[in-house]
2 protein chains.
Amino acid sequence: MAAYRAPVRDQQFVLHDVLDLAQYSNLPGFSDADRDTIDAILDESAKFCEGVLAPISKVGDVEGCTRDADGNVKTPTGWKEAFQQMSEAGWTALSSDPAYGGQGLPHVLNLAVNEMVSSANMAFGMYPGLTLGAAAALHTGGSDEQKELYLPKMISCQWGGTMNLTEPHCGTDLGLLRTKAVPQPDGSYKITGQKIWISSGEHDMAENIVHLVLARIEGAPEGVKGISLFVVPKFIPDADGNPGERNSLKCGGLEHKMGIHGNATCVMDYDDATGWLVGEENKGLKIMFIMMNEARLGVGLQGYALAEAAYQQSVDFAKDRLQGRSLTGPKNANGPADPIIVHPDVRRMLMDQKAFVEGARCFALWTALHGDLEEKSDDAAAREKGGDYMALLTPIVKSYLTGKGYDMVSNGLQVHGGSGFTEEWGASQLLRDARITLIYEGTNGVQALDLVGRKLAMNGMRPITSFFNELDAFVAEGGDESVKPFIEAVAETKGKLKEGTDWLMNNALENFDHAGAASHDYLNLFGLTCLTYMWAVMAKTSAAKIAAGDSDPFYKTKLATGRYFLDRWVPEADMHLAKVQAGADTMMALDAEAF
Amino acid sequence: MAAYRAPVRDQQFVLHDVLDLAQYSNLPGFSDADRDTIDAILDESAKFCEGVLAPISKVGDVEGCTRDADGNVKTPTGWKEAFQQMSEAGWTALSSDPAYGGQGLPHVLNLAVNEMVSSANMAFGMYPGLTLGAAAALHTGGSDEQKELYLPKMISCQWGGTMNLTEPHCGTDLGLLRTKAVPQPDGSYKITGQKIWISSGEHDMAENIVHLVLARIEGAPEGVKGISLFVVPKFIPDADGNPGERNSLKCGGLEHKMGIHGNATCVMDYDDATGWLVGEENKGLKIMFIMMNEARLGVGLQGYALAEAAYQQSVDFAKDRLQGRSLTGPKNANGPADPIIVHPDVRRMLMDQKAFVEGARCFALWTALHGDLEEKSDDAAAREKGGDYMALLTPIVKSYLTGKGYDMVSNGLQVHGGSGFTEEWGASQLLRDARITLIYEGTNGVQALDLVGRKLAMNGMRPITSFFNELDAFVAEGGDESVKPFIEAVAETKGKLKEGTDWLMNNALENFDHAGAASHDYLNLFGLTCLTYMWAVMAKTSAAKIAAGDSDPFYKTKLATGRYFLDRWVPEADMHLAKVQAGADTMMALDAEAF
């Protein structure tokens, strides 16, 4: 199995050359993130992920988590130590609020670090990931007292955190949830119910676990309007804020899953557990969605992070494995055969992975930067645009990067031939792990519906109009010969996305099923347009470097990879548009009995 | 987990209505396969696959195979009994030569039965599958004495059979193989070497296992021109043809694989094992390729058979799972929510599966019929065309049906949401099992190269010219209003496939890398064209039934499913053509070091 190498050079390219983070040095957080600091953080994080997290990924897959009769969960060998090391080094606190012990650095930098964590060991990364997501929800919706009590220990990952939404009969449709909360005289609540598929729900790595639980207060309205959010710690903090009395909740079972074995996916049983309301009664979903949105970006990141890991594995294999001869004459004449990287169809799979991962990385970081600008920019228009883009692009980051990311992981396995199907080389683990990313934090189909049903029409179509304007301005600006084909591709995909958008506007209102029927391909067309734009921006940046005399071969490789993207990815736009415009008629023609 | 139901009605439609097998009743084998006989075989096979094979599929996944210190392999609980039942009922002998105890029925009928076996329990089906493949190779290449000794017991699956090609350093590139054969004075050979990834290599279900082994006779030429085929039985038959002395070969280890756990994938160690030459010295590959070609059709069949199983699972789940409300108003107003089959994006996944599986089934059976006609037709032109089609279409059946089949299995899992990722519902097992079909019997990339590198130019392009002529004649024949869109789609996809073919003819000779670079998309364009043609033929058949007053709703559903295929699959043709025509330049632009 190949060792993971963090793609620091490519991240530097995106952060420094493409996004030019230095331009924001007047903003809070960014001022502490000058070029040297960023590079030092990337280098140190690379060392940690390569040296500590990647080597314990396979043991996580093989051992998985185990649960004893009392509901205690043991994580794989070495994970507890790595978790403590991660916590002590401060890796989990990078972009959290300094008021609660965070370092207040930009989210965009944190995302780059998280990419490395996910590539090195996705199942492990979910423990701090869920913890920081829960902290973000508490940060937004919790009282000052709750924040002071929980946030410092969660941000440092001294304590873990989870989100509890799903119940056996309700996943996507949260309106059906039944977990009950009964008010107590002291202001707390007694929480009773069963939650399932709770990632990181119980484990032995942190001294406490803070569960955020959706439940219905007795007498609350039915449906989504009667759902409240509660903080329900495993150990109830004592007067000093240390873990005190054991709460009456426990892990009732572990799911047997096809992947991410190292992460404990728990059935959580709450039996008159003590919890405290977070935010207002019946307004729990709103706060939980803050956590969900952050988590969705994180899942999109996992999508391309696993593709990066698969790319590295398959490149190593393709350079090493000798089999057959190049169609254009031997390339390794003194060996028994050529390395399989000489074969065009192997190249196709490697180039597809490379072109996708680099485009996706730029797209994810660019989106995350908009989240920072929404929060921190001193320019009201940039804050508005940042919020608009985060809303519009989150479902696309989540679904496009996981859907295509999974296909790319499958390409990586395919490069290995029969070896890929065995559990020896790591390719199969990546495939099994990656499969969940298309499902959790809202299935990719639900994301597509969120895009066409909510995000497009939002604020009088302001977000997508703003996005189209940005692309039009980029096209109008033009570029030199080497950049022209990229600009034409932006114009082409943008034009098709506009056509698809117009089709939705003209047809979905008369029959809502048209929106649902078009949603998957519309989202994919949108994702392709975003990646085409990213490639154009990266090409322009690279061409400028070359024109300015920079002789780093990195820039030439970037342009060549981008040209492959134009040849082999952009042709998918037509297909998606045709499927968008096909509408719902043939899709919904059959009665359920005809299936 | 949903119970498997054999799709007998759809198979009858293809065999009786579309292919009209009755028209061949003058041919050997077909005369014994009248409509009633076919229906009785399908019904009985359905009972066996539903009642015996499907229920032991999951235990195979969970238990897998185990090997003791002596190299003996134990198959999962209940598998040995099922194997004996299958053998005794004669299921394995359906289309084998009556001279050796077979029933001599058409291959096309055997394929329909094998589809059921693969859907019900793919890993199990590989034991008889490999045995019959080895028997076919012996039937073609073996001496009369070898045939009499081995075939009756292999055809009945009293004895098992395997194919031994791969070695640790050579899979696709068989010219590198090192296993040695040393001639003995008695005419036998001593075989020494290690073979890996030997499916069904060792097990406890049959009293003997007949290994067909590729090896190099001492002093033979290097490369593929020095490879001979040997029959190497586990127990050397005694004078009465019963298992005698134990041969010096054993299973040296079992592979840990991501799927098909119930099938023993063995490292096979041959240590001066006694074997006998099959056919001529140094001509072993030719015979092995007979087995390989048969096996490739069988793998294509697995591709759509698993998609059928996934389709059934996901339909059951989608009808049962209540979550959310239809976009066009409640469809289950008295329940807490609607079944998810009301949601267009769920429909999309189900319709994709249904449209694929039915098209693929027709394509596989139509191709298999050409194999029968090649062998048995009394018309020389039909025999020639049968052979041409088998050669041309085998790589397409193998790769297109497994590539798309895998995507459809993934769709089936996705319909399950989080449940699909757990090991409880069977969706994940199907996905893990299906992944091998893109790899074994020659990776899908190797199939694509076989298509563009060998099959297209074969016999002065006679096969593809014959295929194009058949499609042109079909288009020229026309049809009524309901069939017209299908005929137009045949004309359209055929036109694009012709364009792609012309591009290859004009460009691949000047740079062979263009052939490799185009191969994957060319094969997919070809597969899409074949399925479009199949759907047009099925539509025409169904329309004729309706016009003749047949009120079975089956035909209306068939037409509706076909219209979905036109809307949602045919638009992929343009994309594939664009990628074919993109050529090798950007694909091969980077030096290996740039990866």
Side-chain angles (χ1 to χ4, degrees), chain A residues 171-173 176 197 255-258 315 319 323-324 327-328 336-337 341 343-345 347-348 350-351 414 417-418 421-423 428 432 435-436 438-440 443 445 448-449 512-513 516-517 519-520 557 560 563-564 567-568 571-572 574-575 578-579 582 584 586-590 592 594-595, chain B residues 171-173 176 197 255-258 315 319 323-324 327-328 336-337 341 343-345 347-348 350-351 414 417-418 421-423 428 432 435-436 438-440 443 445 448-449 512-513 516-517 519-520 557 560 563-564 567-568 571-572 574-575 578-579 582 584 586-590 592 594-595:
Chain A
T172 301
D173 190 354
L176 302 176
W197 300 339
E255 295 290 346
H256 297 282
K257 314 179 299 288
M258 67 180 285
V315 164
K319 286 181 177 177
Q323 205 78 179
L327 297 169
T328 56
I341 199 170
H343 303 306
D345 196 61
R347 281 287 174 120
R348 175 184 62 80
L350 298 179
M351 288 299 295
Q414 188 72 16
F421 193 68
T422 70
E423 294 288 5
S428 52
R432 290 185 290 96
R435 192 61 189 76
I436 189 61
L438 288 76
I439 298 172
Y440 64 10
T443 64
L449 209 57
F512 290 154
D513 275 346
S519 60
H520 170 82
T557 298
R563 283 190 290 266
Y564 177 87
D567 264 3
R568 297 271 170 175
E572 298 186 0
D574 268 326
M575 176 193 71
K579 292 189 185 185
T586 58
M587 192 180 280
M588 305 303 284
L590 296 182
F595 284 89
Chain B
T172 300
D173 190 353
L176 302 176
W197 299 342
E255 296 289 346
H256 297 281
K257 313 179 300 285
M258 66 179 285
V315 163
K319 286 180 176 178
Q323 206 77 179
L327 298 170
T328 55
I341 198 170
H343 303 307
D345 197 62
R347 281 288 174 121
R348 175 184 62 80
L350 298 179
M351 288 300 295
Q414 188 72 15
F421 193 68
T422 70
E423 294 288 4
S428 51
R432 290 185 289 94
R435 191 61 187 79
I436 190 60
L438 289 76
I439 298 172
Y440 64 10
T443 64
L449 209 56
F512 290 154
D513 275 347
S519 61
H520 171 82
T557 297
R563 283 190 290 266
Y564 177 86
D567 264 3
R568 297 272 169 176
E572 300 186 0
D574 267 327
M575 176 193 72
K579 292 190 185 185
T586 58
M587 191 179 280
M588 305 304 284
L590 295 183
F595 284 90

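Lettering of chains follows the sequences in order, A, B, ..., and the numbering in each one begins at 1. Quick caveat: nothing in here was measured; it's all calculated off a predicted structure.
- For chain B, no part of A/Y440 is nearby; none of its heavy atoms comes within less than 4.5 Å.
- Taking NZ of A/K257 as the reference point, atom CZ of A/R435 lies at 15.0 Å (rounded to 0.5 Å).
- Between chain A and the options B/R432, B/M351, B/E572, B/M258, the largest number of non-hydrogen pairs under 4.5 Å is found for B/M258.
- Without hydrogens or angle criteria, A/R563 side chain to B/T586 main chain gives no donor-acceptor distance under 3.5 Å.
- Options B/A589, B/G445, B/G418, B/P336 differ in how many heavy-atom pairs under 4.5 Å they form with chain A, and the most are formed by B/G418.
- B/T422 contributes atom OG1, which lies 7.0 Å from atom CH2 of A/W197 (distance to the nearest 0.5 angstrom).
- Taken to the nearest 0.5 Å, the CZ atom of A/R568 stands 9.0 Å off from the NE2 atom of B/H520.
- Side chain of B/E423 to backbone of A/H256: no donor-acceptor contact under 3.5 angstrom is found.
- For the atom pair B/H343 NE2 and B/Q323 CD, the distance stands at 7.5 Å (nearest 0.5 Å).
- Highest contact tally toward chain B, considering only A/A560, A/A448, A/G417, is held by A/G417 [criterion: heavy-atom pairs under 4.5 Å].
- Most heavy-atom pairs under 4.5 Å with chain B, from the set A/A584, A/A517, A/A337, A/A578: that is A/A517.
- Highest contact tally toward chain B, considering only A/D345, A/L350, A/V315, A/T172, is held by A/D345 [criterion: heavy-atom pairs under 4.5 Å].
- Using a 4.5 Å cut-off between heavy atoms, A/E255 touches chain B through its side chain atoms alone.
- With a 4.5 angstrom heavy-atom cutoff, A/L176 touches chain B only via side-chain atoms.
- Residue contact with chain B, scored on non-hydrogen atoms closer than 4.5 Å, involves the backbone and the side chain of A/D567 alike.
- A/K579 touches chain B through backbone and side chain together, each having a heavy atom under 4.5 Å away.
- With a 4.5 Å cut-off on non-hydrogen atoms, B/I436 touches chain A through its backbone and its side chain both.
- Residue A/S428 touches chain B through both its backbone and its side chain, counting heavy-atom pairs closer than 4.5 Å.
- A distance of 9.5 Å separates CG in A/D513 from CE in A/M587, rounded to the nearest 0.5 Å.
- Of the listed residues (B/L438, B/D574, B/T443), the greatest number of heavy-atom pairs within a distance under 4.5 Å of chain A belongs to B/L438.
- At least one donor-acceptor pair under 3.5 Å links the side chain of B/R347 to the backbone N or O of B/I341.
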Determine, stepwise, if the pair A/Y564 / A/R348 fulfils side chain to side chain contact (heavy atoms under 4.5 Å, CB included).
CA-CA 9 Å; A/Y564 177 87; A/R348 175 184 62 80; 3.7 Å; yes

